[in-house]
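The structure under discussion appears below in the form of structure tokens.
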Amino acid sequence: MEQKLDPRFAALGGKAPEAVFGGLPTPSYVIDEAQLCRNGEILASVMKNTGCKILLAQKAFSNYDFYGKLSAYLAGTEASGLYEARLGKEEMPDQEVHVFCAAYRQDEFEELLEYADHIVFNSIHQLQKFGPTAREKGKSIGLRINPQCSTQEGHEIYDPCANGSRLGVTRAVWDAEMTPELLGLLDGLHFHTLCEQDSDALETTLDAVGEKFGDILPRMKWLNMGGGHHITRPGYDIARLEKCVTKAQTQWNLQVYLEPGEAVALNAGFFVCRILDIVRNGNSSIAILDASAACHMPDVIEMPYVPPLYGGQEGNDGPYRYRLAGPTCLAGDVVGDYSFERELHEGDLLVFGDMAIYTTCKNNTFNGMPLPNIWRHTQTGELEQLTRFDYSDFKMRLGR
């Protein structure tokens, strides 16, 4: 496999990983600034071509050292709660801050309104409870809808349209609970139904949204189409996306927002680690890493998926086959099964790709595992350390 042609490892510039990252302490996260900017340029072109506004969904990528760069391409940030909203306001102060939460806390709501420009409610009850206060503060108010249109198979944990989903108001609930007074509070509707999907899934979803809420949308000022749009992935149908956005804005005379997280930082990160030991069990060879799937790549277990690895192929088709696993006591702390063209040895450097998303914002210190430090791979090819985690970062979360 010619890894230099793989977009997930493009930042290596065709060089061997040891030549680029060999001097780093392991494990470490590396975020590639040039790839972030390339993604930003694609997203900015969609905004220019359609007039829509694209936000950074911070749940996927919240490394604020890069917000200054990203603010040149994006319209603002999307937050899932108080702290993300504050981060977006502080680190992209000149851009919009949008907030959606499945349920807001009374004791946080006043502070939240200090940061939010748009605030989206998940239920008509929450709209009734908090909407008047948000209106008094001059905020733009939205309600999340559930078009009950699943366009993905598997990964039900990530499907907001799965049976029994807690996310969004169905049309049946809308008809039973909405009043003219509450409808008068609304500026927009919000839906989020996709996960790592192309624009054909958005097109299908928009048909369902139009069928169920098309009579409401002409009364709105904006429609937020959520995230899950893999816009910056090679091969993504951007023309169809732009067609969908333009059609919605024209048909319903409103402003469209998109809030992808993965698309902003897709293929812009690496996770660098080394092999501590190789153990045998029957016909299996298991490489124990100085990195943990459970602690440092939790989405690998939660999704689940097998992350891309430079020089390795998922599965057991190659001449040398290994299971890569972490050093914790969790039996299931396994990254995945890979095959290689060469034998692995203790001390070998391994580089996982597409590790900017759902990693640094989800990692943990289970088993007392240290947090890997975060490095910036600058546009000039230099490595700059952004964090200096140590024992205190583990201990401070457990007591005083």
Side-chain angles (χ1 to χ4, degrees), residues 51-59 74-82 84-85 88-89 95-105 108-109 112-148 160-161 165-171 173-175 177-194 202 205-206 208-210 212-229 245 248-249 251-261:
C52 77
K53 295 185 178 182
I54 298 181
L55 312 168
L56 164 64
Q58 296 177 96
K59 64 182 180 181
L74 302 174
T77 57
E78 183 276 333
S80 301
L82 177 61
E84 280 188 356
K89 187 68 173 180
Q95 311 291 63
E96 298 181 28
V97 176
H98 293 226
V99 184
F100 165 79
C101 187
Y104 295 101
R105 294 170 56 106
E108 292 181 351
F109 198 71
L112 185 64
L113 293 180
E114 295 177 16
Y115 312 125
D117 299 302
H118 284 212
I119 189 154
V120 177
F121 298 101
N122 186 55
S123 72
I124 294 174
H125 174 257
Q126 286 253 305
L127 172 64
Q128 181 181 35
K129 182 177 181 179
F130 293 111
T133 300
R135 174 64 71 215
E136 289 172 6
K137 297 291 186 179
K139 307 305 176 182
S140 188
I141 298 173
L143 183 67
R144 180 164 177 166
I145 56 174
N146 182 347
Q148 297 175 285
C161 290
S165 173
R166 76 190 194 283
L167 299 171
V169 174
T170 64
R171 185 58 198 246
V173 171
W174 178 291
D175 289 342
E177 298 182 11
M178 184 60 73
T179 66
E181 292 75 21
L182 293 175
L183 180 58
L185 290 174
L186 291 179
D187 296 308
L189 299 182
H190 174 287
F191 68 85
H192 172 46
T193 67
L194 307 184
L202 173 62
T205 301
L206 274 177
V209 169
K212 289 187 167 61
F213 295 94
D215 59 323
I216 307 298
L217 284 163
R219 304 179 60 174
M220 299 292 106
K221 297 178 181 177
W222 51 264
L223 175 64
N224 189 320
M225 298 182 182
H229 316 277
V245 170
Q249 292 185 146
Q251 179 178 356
W252 296 314
N253 190 31
L254 43 68
Q255 172 71 60
V256 163
Y257 286 91
L258 304 173
E259 47 181 45

Legend entry - With D117 via salt bridge (charged side-chain N to carboxylate O under 4.0 Å, His left out) - residues at least two apart: none

Inset, instruction - Just jot down the ring pair (Phe, Tyr, Trp, His ring centres under 6.0 Å) partners of H98, sequence neighbours excluded, or say none. - result: H118, Y257

Inset, instruction - Identify the two heavy atoms, one from Q255 and one from C52, that lie closest to each other, and give their separation to 0.1 Å. - result: NE2-CA, 3.4 Å

Legend entry - Non-neighbouring partners of E78 that pass side-chain hydrogen bond (donor to acceptor under 3.5 Å, both in side chains), sequence neighbours left out: none

Legend entry - Heavy-atom side-chain proximity of T77 to Y115 below 4.5 angstrom: no

Legend entry - All side chain to side chain contact (heavy atoms under 4.5 Å, CB included) counterparts of A116, not counting sequence neighbours: V99

Legend entry - For W252, all residues meeting side-chain hydrogen bond (donor to acceptor under 3.5 Å, both in side chains), sequence neighbours excluded: none

Inset, instruction - Sequence neighbours left out, what passes salt bridge (charged side-chain N to carboxylate O under 4.0 Å, His left out) with E108? Give chain and number order. - result: R105

Inset, instruction - To the nearest 0.5 angstrom, please state how far the CG atom of L258 sits from the CG atom of L223. - result: 9.0 Å

Legend entry - Donor-acceptor contact below 3.5 Å, side chain Q95 vs main chain L74: yes

Legend entry - Straight-line distance of E114 CD to L82 CG, nearest 0.5 Å: 9.0 Å

Inset, instruction - Could you tell me the separation between the OG1 atom of T193 and the CG atom of L202, rounded to the nearest 0.5 Å? - result: 7.5 Å

Legend entry - Minimum heavy-atom distance A79-A85, with the two atoms named: CB-N, 3.3 Å

Legend entry - Sequence-distant partners of E84, salt bridge (charged side-chain N to carboxylate O under 4.0 Å, His left out), two or more places apart: none

Legend entry - Partner set under ring pair (Phe, Tyr, Trp, His ring centres under 6.0 Å) for W174, not counting sequence neighbours: F213

Inset, instruction - Check for a donor-acceptor pair, side chain of K139 on one end and backbone N or O of L113 on the other, with a separation under 3.5 Å. - result: yes

Inset, instruction - With the side chain counted from C-beta on, respond yes when P160 and R144 share a heavy-atom pair under 4.5 Å apart, and no when they do not. - result: yes

Legend entry - Partners passing salt bridge (charged side-chain N to carboxylate O under 4.0 Å, His left out) against K53 (at least two apart in sequence or in another chain): E96

Legend entry - Under the side chain to side chain contact (heavy atoms under 4.5 Å, CB included) test, residues paired with T179 that sit two or more places apart: E181, L182

Inset, instruction - Check G142 against L186 and note the closest heavy-atom contact, atom names and distance. - result: C-CD2, 3.8 Å

Legend entry - Flag side-chain contact, heavy atom, 4.5 Å: M178 against L143: yes

Inset, instruction - Compare every heavy atom of G227 with every heavy atom of L194, then report the nearest pair and how far apart it is. - result: CB-O, 3.6 Å

Donor-acceptor pairs are to be reported for all side-chain atoms of residues 124-134 against protein atoms at under 3.5 Å, with residues two or more places apart or in another chain.
{"residue": "Q126", "atom": "OE1", "partner": "Y104", "partner atom": "N", "Å": "2.7"}

Legend entry - Closest non-hydrogen atom pair, G88 against V97: C-CG2, 4.1 Å

Inset, instruction - Hey, could you give me the CG/CD1 distance between N224 and I145, rounded to the nearest 0.5 Å? - result: 10.5 Å

Legend entry - Stepwise side chain to side chain contact (heavy atoms under 4.5 Å, CB included) check, D215 with R171: CA-CA 11 Å; D215 59 323; R171 185 58 198 246; 2.8 Å; yes

Inset, instruction - For residues L55 and A75, report the shortest heavy-atom separation together with the two atoms involved. - result: CD2-C, 4.0 Å

Legend entry - Set of residues satisfying side chain to side chain contact (heavy atoms under 4.5 Å, CB included) with respect to R135, sequence neighbours excluded: I141, L185, D187

Inset, instruction - Please tell me if the side chains of M225 and L206 come closer than 4.5 Å, counting only heavy atoms from C-beta onward. - result: yes

Inset, instruction - For the pair C101 and N122, evaluate side chain to side chain contact (heavy atoms under 4.5 Å, CB included) and give the outcome as yes or no after the intermediate values. - result: CA-CA 7 Å; C101 187; N122 186 55; over 6 Å; no

